[in-house]
Amino acid sequence: MSVMEGGDITIENANNAASYLTIEGVGSDAVVNGMGIRLKAASNIEVRNLGFMNCNSTAGDNVGMQQDNDHIWVHNCDMFYGNAGSDADQVKGDGALDNKTSTFCTFSYIHFWDNGKASLLGLSENTTAGLYVTYHHNWFDHSDSRHPRVRFYSAHIYNNYFDGNAKYGSGSTEGSSLFVEGNYFRDCKHPIMTSMQGTDVWNQTTQVNDPSNMGTFSGEAGGTIKAFNNVFDASNGANNMRFVAYADPNPTFNIAGKISSTTDFDAYVPATRGETVPNTVKSKLGANIYNNFDTDATLYVKNLVIDEPAIAKDKVIQYSGRISGGDLKITYNNAVDDASYLVNVAEKTAVTNYASSMVFIQGETAAVVSSQTLSTSTDNNQTVAAGTAIDTMIFTWGGDATDATISNIPASGITFVKDIPNKTITISGTPTANISYTVTTSGAAGTPATSTGTITIAGSTPGDEIHNFTTSGKVSSFYTITGNMNSTAGVATYDGLALTARLKIETATTITYTTIAPSTLTLVFDPTFAGTIKLNNVSYTVVSGIVTIPSIPAGSNTISKGGTANLFYIKSVFSTLGLAQNNPSSKLTLYPNPVSSNLYLSSSNQKIENVMIYSITGSLVKSISNNVENIDVSNLNAGSYLVKVTTDQGSFTQKIIKK
């Protein structure tokens with residue numbers, strides 16, 4: 001492109017109506033990766049069949065109608081995460097599809113994949129005249145908000161599928177007029193909202209409308225919404241869906257008697273599609289009225305025949321996004337993701353590690369591709385109730401990878417099937433114990449790709465494992481002990497215990513055990529012993545007869561001779577590094593994983609106090625205090641590490657892989 005601004009492809013044709021341009025992706029794997037498309041003073045532009053990912057959030061949006069555009073059509077695109085921006089609400093990127101001072105635009109059959117801010121419509125136009133935009137048959141797939149969030153514009157929003165939206169659906173401010181019809185809202189927390197009234201200012205805790213303390217739209221004056229023939233499906237119940245219709249004394253999603261629904265309402269619901277909204281229906285803040293653009297015979301809306309909501313939903317699922325749904329698909333867990341607006345780790349990892357399969361264009365010489373890729377259909381980590389099967393996980397290798405292997409499976413009820421022609425490994429089963437596993441690619445060229453995960457049975461966090469040679473000799477159900485007891489008693493004390501029986505630590509002595517969670521190991525020797533002991537062939541120094549080894553990752557471990565010694569007592573503790581004290585991990589994520597340079601931390605209402613990174617042998621390799629959003633790990637050697645994050649709500653540990 002002859003013009004590139006802030007890394008974006010910029011389209012500008014001085015509003016030349018005869019200068020038509022289509023920018024189109026060919027096939028199911030066409031992507032705009034690491035940048036966006038920006039339109040300025042452009043007319044008659046079509047953007048279609050492209051996937052957008054890793055856009056620079058400081059520079060702009062996935063697709064941005066920046067200013068002074070008209071007759072724009074964006075359709076059949078996939079909107080994935082952008083890079084985290086500097087603002088708190090940019091952790092998933094900035095806007096996926098934003099529109100400012102641009103009119104006669106249509107956005108259709110777009111798949112929004114858990115975007116934080118799907119689509120802003122209007123900014124500082126300060127007029128409601130001549131601004132028309134249409135949204136239809138879009139899949140707002142677990143995206144959080146702005147579907148769209150509208151200032152000033154007249155917007156026709158029809159036949160979209162709102163699917164598990166954690167914040168809100170469509171929102172009206174600053175005198176905008178929204179005709180919202182024929183949409184399917186599935187577990188969308190606040191489907192339709194008008195600024196500073198109704199659901200926008202409803203305080204669920206105090207059960208009153210509270211504009212002084214509540215509000216999604218930063219205190220802006222409201223617009224007006226006409227809502228007709230929408231389906232509100234709250235069957236999942238994760239989001240406490242709420243909708244207040246004008247003048248309805250007993251709204252379906254409101255507690256009767258708490259508000260005056262002629263002033264505190266979300267939308268006007270007419271008896272027929274063609275009914276005009278009376279001028280007596282006004283926004284509570286700003287007294288703005290609906291302009292009834294949908295009944296204007298000069299516009300297409302009046303005589304349009306649309307799909308029924310259920311039919312529209314099916315069409316959206318079948319046809320939105322790129323051809324055949326594109327080459328990257330994310331599977332969401334409705335039970336969790338409907339109400340969550342945190343970064344989805346599986347999506348962030350897949351997007352960050354995405355590698356194109358394109359090798360050359362037209363007559364060019366084929367490029368040398370030197371990367372091995374590995375993707376997964378679901379989250380690598382699963383927790384299930386005892387006796388419950390896991391969701392099937394499918395790992396697909398590609399690029400220069402010619403094969404893949406998996407470690408630690410089959411085991412404990414979990415099996416896998418490798419399909420070499422289709423380049424997949426499928427993991428399934430019902431776990432009988434906790435499992436940690438690793439999938440690794442191989443090939444003659446490129447760098448192997450690795451993906452790790454855990455399968456955990458809910459409530460199966462292990463308790464402390466203690467072995468006292470004085471009371472139990474060499475008999476243990478947890479530790480496998482090979483060696484000889486010392487025939488002479490010794491004397492040591494630990495944790496108030498009087499210890500006498502001792503295991504001789506000699507060349508032939510080994511103690512092996514397997515953990516299913518990170519742990520801390522304590523060994524008690526003769527009080528005068530000041531030599532070394534080995535754990536997994538790494539030497540640790542004993543001080544005054546005691547050594548404590550922190551941050552041991554889950555897996556198989558072996559204790560063996562360092563120096564000649566006598567061992568009284570062994571303790572493995574699973575309640576320090578590795579397990580959350582207040583379990584904030586559900587509100588905090590680390591990504592990408594595996595990581596090359598910057599490791600990002602996404603937290604919800606938590607203040608990060610410090611971050612410590614340990615090597616797999618327990619050595620502290622990096623420590624950072626204060627509230628941080630990312631950590632430079634580019635100087636670390638490739639391998640596995642444990643990251644312990646302490647917040648004002650507790651601490652948790654996650655294993656990462658440095659590429």
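On a predicted model such as this, the values are computed, not experimentally measured, just so you know.
Counted within 6.0 Å of CG on Asn537, heavy atoms from surrounding residues, nucleotides or ligands total 12 or fewer; the atom is thus considered open. Crowding of Tyr319 atom OH: a count of heavy atoms from other residues, nucleotides or ligands under 6.0 Å not exceeding 12. Within a 6.0 Å radius of CG in Asn422, more than 12 heavy atoms belonging to other residues, nucleotides or ligands are found.
Between Leu521 and Ile570, the shortest heavy-atom distance links the atoms CD1-CG2, 3.8 Å. Between Asp98 and Asp61, the closest heavy-atom pair is CB-OD2, 3.4 Å. Contact detail for Ala350 and Ile330: the closest heavy-atom pair is CB-CD1, 4.3 Å. Here the closest heavy-atom approach between residue Ala411 and residue Ile435 is recorded as O-CD1, 3.1 Å. Listed here is the closest heavy atom pair of Trp139 and Ile317: CZ3-CA, 3.8 Å. Residues Ala30 and Val26 approach most closely at CB-N, 3.8 Å, considering heavy atoms.
Proximity of a side-chain donor or acceptor of Asn76 to a complementary backbone N or O of Asn49 within less than 3.5 Å is not detected. No donor-acceptor pair closer than 3.5 Å links the side chain of Asn183 to the backbone N or O of Asn230. Judged by distance alone, with hydrogens and angles left aside, the side-chain atoms of Asp403 form no donor-acceptor pair with the main-chain N or O of Ser442 at under 3.5 Å. Between the Lys418 side chain and the Ala404 main chain, a donor and an acceptor come within less than 3.5 Å of each other. Between the Asp87 side chain and the Asp89 main chain, no donor and acceptor come within less than 3.5 Å of each other. A distance-only check finds a donor-acceptor pair linking the side chain of Asn333 to the backbone of Ala335 [under 3.5 Å]. The backbone N or O of Lys315 lies less than 3.5 Å from no partner atom in the side chain of Tyr161, so there is not a single donor-acceptor pair. A donor-acceptor contact shorter than 3.5 Å links the side chain of Thr373 to the backbone of Gly398. Between the side chain of Gln372 and the backbone N or O of Gly446 there is at least one donor-acceptor pair closer than 3.5 Å. In terms of modelled atom types and a separation under 3.5 Å, the side chain of Asp94 and the main chain of Gln90 share no donor-acceptor contact.
At a cut-off of 3.5 Å, with distance as the only test, no side-chain donor of Ser145 or Tyr341 sits close to an acceptor on the other residue. Using modelled atom types and a 3.5 Å distance limit, the side chains of His142 and Asp338 yield a donor-acceptor pair. Under 3.5 Å, the side chains of Tyr184 and Asp233 contain a donor-acceptor pair of N or O atoms.
The distance from the CD1 atom of Ile110 to the CZ atom of Arg48 is 13.5 Å, given to the nearest 0.5 Å. Atom CZ of Phe478 is separated from atom OG of Ser572 by 5.0 Å, given to the nearest 0.5 angstrom. For the atom pair OG (Ser556) and CG (Asn536), the distance works out to 8.5 Å, reported to the nearest 0.5 Å. Of the inter-residue distances, the one linking Thr352 atom OG1 with Tyr600 atom OH reads 8.5 Å to the nearest 0.5 angstrom. In this structure, NE2 in His190 is found 8.5 Å from CG in Asn239, a value given to the nearest 0.5 Å. Atom CG of Asp307 and atom CG of Asn159 lie 4.5 Å apart (nearest 0.5 Å).
Asn160 is not listed as a side-chain neighbour of Val316, based on a closest heavy-atom distance of 4.5 Å or more. Looking only at side-chain heavy atoms (C-beta outward), Thr452 and Asn380 stay at 4.5 Å or farther from each other. Looking at heavy atoms from C-beta onward, Ser170 lies in side-chain contact with Pro148 at the 4.5 angstrom threshold. By the 4.5 Å heavy-atom criterion applied to side chains, Asn138 and Ser320 are not counted as neighbours. Counting heavy atoms from C-beta on, the side chains of Val633 and Val595 come closer than 4.5 Å. Two residues are said to be in side-chain contact when any heavy atoms from C-beta on lie closer than 4.5 Å; His136 and Phe107 fail this criterion. His467 places none of its side-chain heavy atoms less than 4.5 Å from the side chain of Ile511.
Each of Phe112, Tyr332, Phe162 was checked for a side chain to side chain contact (heavy atoms under 4.5 Å, CB included) with Asp141, and the lone residue meeting it is Tyr332. Considering Lys189, Lys117, Lys92, Arg149 as possible partners of Asp144, the one that fulfils the salt bridge (Lys or Arg N to Asp or Glu O under 4.0 Å) test is Lys92.
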Next on the checklist: Checking Val63 against Leu50 for the side-chain contact (heavy atoms from CB on, under 4.5 Å) test, could you report, in this order, the C-alpha distance in whole Å, the side-chain angles of both residues, the deciding distance, and whether it holds?
Outcome noted: CA-CA 10 Å; Val63 178; Leu50 288 166; over 6 Å; no
Item to check | Derivation of the side-chain contact (heavy atoms from CB on, under 4.5 Å) call for Lys313 and Asp163 | outcome: CA-CA 10 Å; Lys313 171 188 171 182; Asp163 184 9; over 6 Å; no
Item to check | Trace of the side-chain contact (heavy atoms from CB on, under 4.5 Å) decision for Tyr354 with Asp327 | outcome: CA-CA 10 Å; Tyr354 178 87; Asp327 66 332; 2.5 Å; yes
Next on the checklist: Set out, in order, the CA-CA distance, both residues' side-chain angles and the distance that settles side-chain contact (heavy atoms from CB on, under 4.5 Å) for Asp314 and Gln318, then state yes or no.
Outcome noted: CA-CA 6 Å; Asp314 292 342; Gln318 183 175 2; over 6 Å; no
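For an aromatic pair to be called close, the ring centres must be under 6.0 Å apart, and His137 with Tyr109 satisfies this.
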Could you go through residues 78-85 and list every donor-acceptor pair under 3.5 Å that involves a side-chain atom there, pairing it with any protein atom two or more places apart or in another chain?
unit_1	atom_1	unit_2	atom_2	d
Asp78	OD1	Trp113	NE1	3.0
Asp78	OD2	Arg322	N	3.2
Asp78	OD2	Arg322	NE	2.7
Tyr81	OH	Asp114	OD2	2.3
Tyr81	OH	Asn344	N	2.9
Asn83	ND2	Asn54	O	3.3

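Every residue meeting the side-chain hydrogen bond (donor to acceptor under 3.5 Å, both in side chains) condition with His147, not counting sequence neighbours, appears here in chain and number order: Ser143.
For residues 419-439, no residue pair satisfies the salt bridge (charged side-chain N to carboxylate O under 4.0 Å, His left out) rule, not counting sequence neighbours.
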